[in-house]
**Q** 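Right, I'll just put the structure down here and ask away after.
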2 protein chains.
Amino acid sequence: MSAVAYKKIMTNQQQAAAFGEVVVPLSKSLPLATFAASTEIFAPGQAALNIYQVEFGAVRVYRLLSDGRRQVIAFHLAGESFGLEAGATHQLFAETIIPTGLRIVPTDGASRHQIDVTALALQAMASAQNHIMLVSRLTAVERISAFLLDMANRQGGLNHFDLPMSRLDMADYLDLTIETVSRVLAKLRSAGLIRLRSIRRIEIMRPEDLHNISA
Amino acid sequence: MSAVAYKKIMTNQQQAAAFGEVVVPLSKSLPLATFAASTEIFAPGQAALNIYQVEFGAVRVYRLLSDGRRQVIAFHLAGESFGLEAGATHQLFAETIIPTGLRIVPTDGASRHQIDVTALALQAMASAQNHIMLVSRLTAVERISAFLLDMANRQGGLNHFDLPMSRLDMADYLDLTIETVSRVLAKLRSAGLIRLRSIRRIEIMRPEDLHNISA
DNA sequence: CGCACGCTTGAAGCGCGTCAAAAAAGGTGG
DNA sequence: CCACCTTTTTTGACGCGCTTCAAGCGTGCG
């Protein structure tokens, strides 16, 4: 990494910039579509017509490289929206991770459901820009720490929360291998920063320390 | 890198997804603001009120980490637009790289100038997603090759073009050190793929080979 | 002309990936 | 509820690509 020392200092506000998503009113009036785990929601080539709001469950959005490697662009949890893309057709895959309920809102009728498409697009842009920093400038320990804090914040801010996704999903999101993810979690655990209640259930023991590491 | 072999294959369309920007009609009716090299256009904390269209010159948009590391989010060349952010205030820095002329369009009056803010945001999102792949999944040689091809395409597609930015700017954009940038350029030169007419002027000798490397 | 800054080149070290194997978790049918 | 099998996760040893640290080199501007 280029650790050239620049003069300007990052503000707290910037550091606190969340990885999360806009919270918009869920369109309860629309029918709830339910999906089993690991079910495709959309795929490249399909027309991008809808905005999807997660009622419950979790979704991964990703792309595949020509050599078969996978890049997870984003996870979407309850209360969050996804599905917007730059062109008329999808370039990305979206799949449920666990059993999931979605409200499907046609993009051209979004305003009727109080959805601000521009705000959603801007949030997605900011989120992607944050992700660049995450994968390009942080060490493995910093990435995992930031990721755990982000997951905690997006699930109510409690120190005790679920990781809906597998280690492989995390690895492909954070640009690490599953081995490194596993090793870093073990390291954070033995340092007393977190506890692994079960394989996909985390308790953050020392949030401040984790936050310091994640910067 | 997680090189797990997934089954789905990336389409050519996806691979060809450009790193470039939307081309919107320039608002020639607005006054042209000119800036010297290395001049701040906006900084974190300032109100985000405008969209900036580059008439000539080049701009870097970046953020700083608390420890002084810099992440260049994007470069903007003649004909491109920037300045959109998710909140009411800027989180990012924008600076000219070389002497630059800008048309400054108030966001709230963008539609009068035929600017689609949502489309601009979605393009920025797609560009950031491409950037994630660039910095997280490609080797140093692949990143530089992709970057050079992108720069060539965005300046008319000629094989002979200017790099307006310094090696440090390139390094902070590609998530490499200046030493690695320098070494890779030397390697591409000695392999006969490019020529360095001057320190910031590149000629691509074998575009196809460079393209093959960049994937 | 000479100094300063950006760029290049070299040598050594380290963080994370790769390869390998064991351990744990999760289904499935009896 | 328990054997059995599969998949996921963890742990270990080793290697490589890039960073780091350190000198030289070139180029432009006062």
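Letters go in sequence order (proteins before strands), and every chain restarts at 1. Since this is a predicted model, take the numbers as computed values, not measurements. Atom set for the values below is all heavy atoms of this structure, side chains included, hydrogens, waters and symmetry mates excluded.
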**Q** Side chains of B:Asn159 and B:Pro207, heavy atoms from C-beta outward: is any pair under 4.5 Å?
**A** yes
**Q** Suppose we screen for salt bridge (charged side-chain N to carboxylate O under 4.0 Å, His left out). Which residues come up paired with B:Arg195, at least two apart in sequence or across chains?
**A** B:Glu203
**Q** Grab the CG-C1' distance between A:Leu138 and C:dC16 for me, whole Å please.
**A** 15 Å
**Q** Could you list the residues that satisfy side-chain contact (heavy atoms from CB on, under 4.5 Å) with B:Ala128, not counting sequence neighbours?
**A** A:Ala128, A:Gln129, A:Ile132
**Q** Once side-chain contact (heavy atoms from CB on, under 4.5 Å) is applied, do any residues pair with B:Ala86, and if so which ones, sequence neighbours excluded?
**A** A:Leu122, A:Gln123, A:Ala126
**Q** Who are the ring pair (Phe, Tyr, Trp, His ring centres under 6.0 Å) partners of B:Tyr52, not counting sequence neighbours?
**A** B:Phe42, B:Phe82
**Q** Run the salt bridge (charged side-chain N to carboxylate O under 4.0 Å, His left out) test against A:Arg200 and tell me which residues pass, sequence neighbours left out.
**A** none
**Q** When the distance from CD1 of B:Ile178 to C1' of C:dG10 is rounded to whole Å, what number comes out?
**A** 15 Å
**Q** Check side-chain contact (heavy atoms from CB on, under 4.5 Å) between A:Ile199 and all other residues, then give those that pass, not counting sequence neighbours.
**A** A:Arg167
**Q** Let me know the distance between CD1 of B:Ile202 and C1' of C:dC7, rounded to the nearest Å.
**A** 13 Å
**Q** Just to confirm, is there a sub-4.0 Å distance from OP1 or OP2 of D:dT19 to any side-chain nitrogen or oxygen of B:Thr180?
**A** yes
**Q** For A:Arg189, give me all partners under salt bridge (charged side-chain N to carboxylate O under 4.0 Å, His left out), at least two apart in sequence or on another chain.
**A** none
**Q** Taking five pairs at each end, how big is the angle between the two axes of the helix from C:dC1-D:dG30 to C:dG30-D:dC1, to 10°?
**A** 50°
**Q** Distances for protein N/O vs nucleotides 19-25 of chain C N/O pairs under 3.5 angstrom?
**A**
unit_1	atom_1	unit_2	atom_2	d
C:dC19	N4	A:Glu179	OE2	3.1

